[in-house]
Amino acid sequence: MRLITVLLMLFNLSVLAAQVEEDELEAKTRDLSRQLRCLVCQGENVWESHSDLARQMRDHVRDHLKAGESPEQIKAYLESRYGDFVLMEPPKHGLNWLLWLGPFALLITGGVLLRRQLNQWRKPAIKREGAVLSEEQKIKIEAELARLEDE
């Protein structure tokens, strides 16, 4: 029984599975479709989406690649038709710099504010340089301490 189990583990049936060869056109279609946003799903790229519009966009990309257009030309056409939103990675120009730099600016600002607040919490209420007592204050404190000890 153990021999059969070991043989089955060694001769996995996945070895018999047919390997799918992907042609160059399909690979280019996949790569470009992953860079485009599905306008229906909005959280998925065109390659992974199952909507009708995503299927049409995949077919459009495939047809134009087959016709000899470059991926940049196809992206430029879709961007002119649907706007910057169709790209999964927004371009780095104009107000889109806020999308790229905004999180870092917020992180740095938050760090500076947190450090400032922590430094304020660490400081004593009275600075030590200004806390020098006069002789009269020392005498009053010592008298009060002596009175408390006597009680």
Side-chain angles (χ1 to χ4, degrees), residues 1-134 137-138 141 144-145 148:
M1 186 68 176
R2 287 183 185 173
L3 180 63
I4 294 172
T5 307
V6 170
L7 287 176
L8 284 175
M9 287 173 51
L10 291 175
F11 188 71
N12 193 347
L13 294 177
S14 65
V15 174
L16 300 176
Q19 297 224 350
V20 177
E21 291 294 323
E22 186 177 41
D23 63 344
E24 187 177 343
L25 176 65
E26 198 62 27
K28 286 182 179 180
T29 303
R30 182 193 66 235
D31 292 341
L32 184 55
S33 295
R34 284 186 173 165
Q35 297 174 20
L36 301 171
R37 183 185 317 274
C38 175
L39 299 174
V40 176
C41 306
Q42 296 183 3
E44 290 184 305
N45 59 45
V46 169
W47 184 255
E48 295 170 352
S49 176
H50 298 290
S51 72
D52 290 335
L53 180 62
R55 184 183 44 77
Q56 291 171 0
M57 288 176 77
R58 280 192 304 268
D59 293 342
H60 173 83
V61 167
R62 187 177 295 109
D63 292 342
H64 284 264
L65 284 172
K66 198 181 293 184
E69 289 187 35
S70 71
E72 289 77 23
Q73 291 172 322
I74 297 169
K75 280 173 37 175
Y77 168 75
L78 291 171
E79 189 177 358
S80 70
R81 185 165 181 182
Y82 298 110
D84 287 345
F85 185 73
V86 76
L87 303 174
M88 287 297 284
E89 184 177 310
K92 298 174 181 128
H93 61 77
L95 289 177
N96 287 343
W97 277 108
L98 289 176
L99 292 174
W100 289 99
L101 299 177
F104 297 111
L106 288 174
L107 185 65
I108 290 169
T109 304
V112 167
L113 292 175
L114 179 65
R115 184 176 176 112
R116 186 180 296 171
Q117 188 64 40
L118 288 174
N119 284 339
Q120 273 187 343
W121 288 344
R122 286 187 199 162
K123 288 181 185 176
I126 301 173
K127 290 185 180 177
R128 292 181 186 230
E129 295 99 25
V132 177
L133 299 176
S134 66
Q137 289 173 332
K138 288 180 184 178
I141 290 173
E144 184 66 25
L145 286 174
L148 289 173

- For K75 and L36 the tightest heavy-atom approach is CG-CD2, 4.2 Å
- Should K66 and L25 be marked as a side chain to side chain contact (heavy atoms under 4.5 Å, CB included) after you check the CA-CA gap, both sets of side-chain angles, and the distance that decides it? CA-CA 7 Å; K66 198 181 293 184; L25 176 65; 3.7 Å; yes
- Smallest separation among heavy atoms of C41 and C38, with atom names: N-SG, 3.3 Å
- From E48 CD over to R30 CZ, what is the distance, rounded to the nearest 0.5 angstrom? 11.0 Å
- Message: Rounded to the nearest 0.5 Å, what separates atom CG in L32 from atom CD in E72?
- Response: 8.5 Å
- Message: Nearest 0.5 Å, please: how far is CD in E26 from CG in D31?
- Response: 10.5 Å
- For a side-chain hydrogen bond (donor to acceptor under 3.5 Å, both in side chains) with H60, tell me which candidate from H64, Q56, R58 qualifies. H64
- Note on the structure: Correct closest heavy-atom pair for V86 and M57 would be CG2-CE, 3.6 Å
- Side-chain heavy-atom pair Q35, L87 within 4.5 angstrom cut-off: no
- Do the side chain of Q73 and the main chain of S70 share a donor and acceptor less than 3.5 angstrom apart? yes
- Message: Looking at every heavy atom in both R37 and F85, which two are closest together, and how far apart are they?
- Response: NE-O, 2.8 Å
- Query: Looking at S33 and N45, what are the two nearest heavy atoms and their distance?
  - Reply: O-CB, 3.7 Å
- side chain to side chain contact (heavy atoms under 4.5 Å, CB included) partner of I74, chosen from K28, R62, E69: E69
- Indicate the atoms forming the closest heavy-atom contact of V46 with A54, along with that distance. CG1-O, 3.3 Å
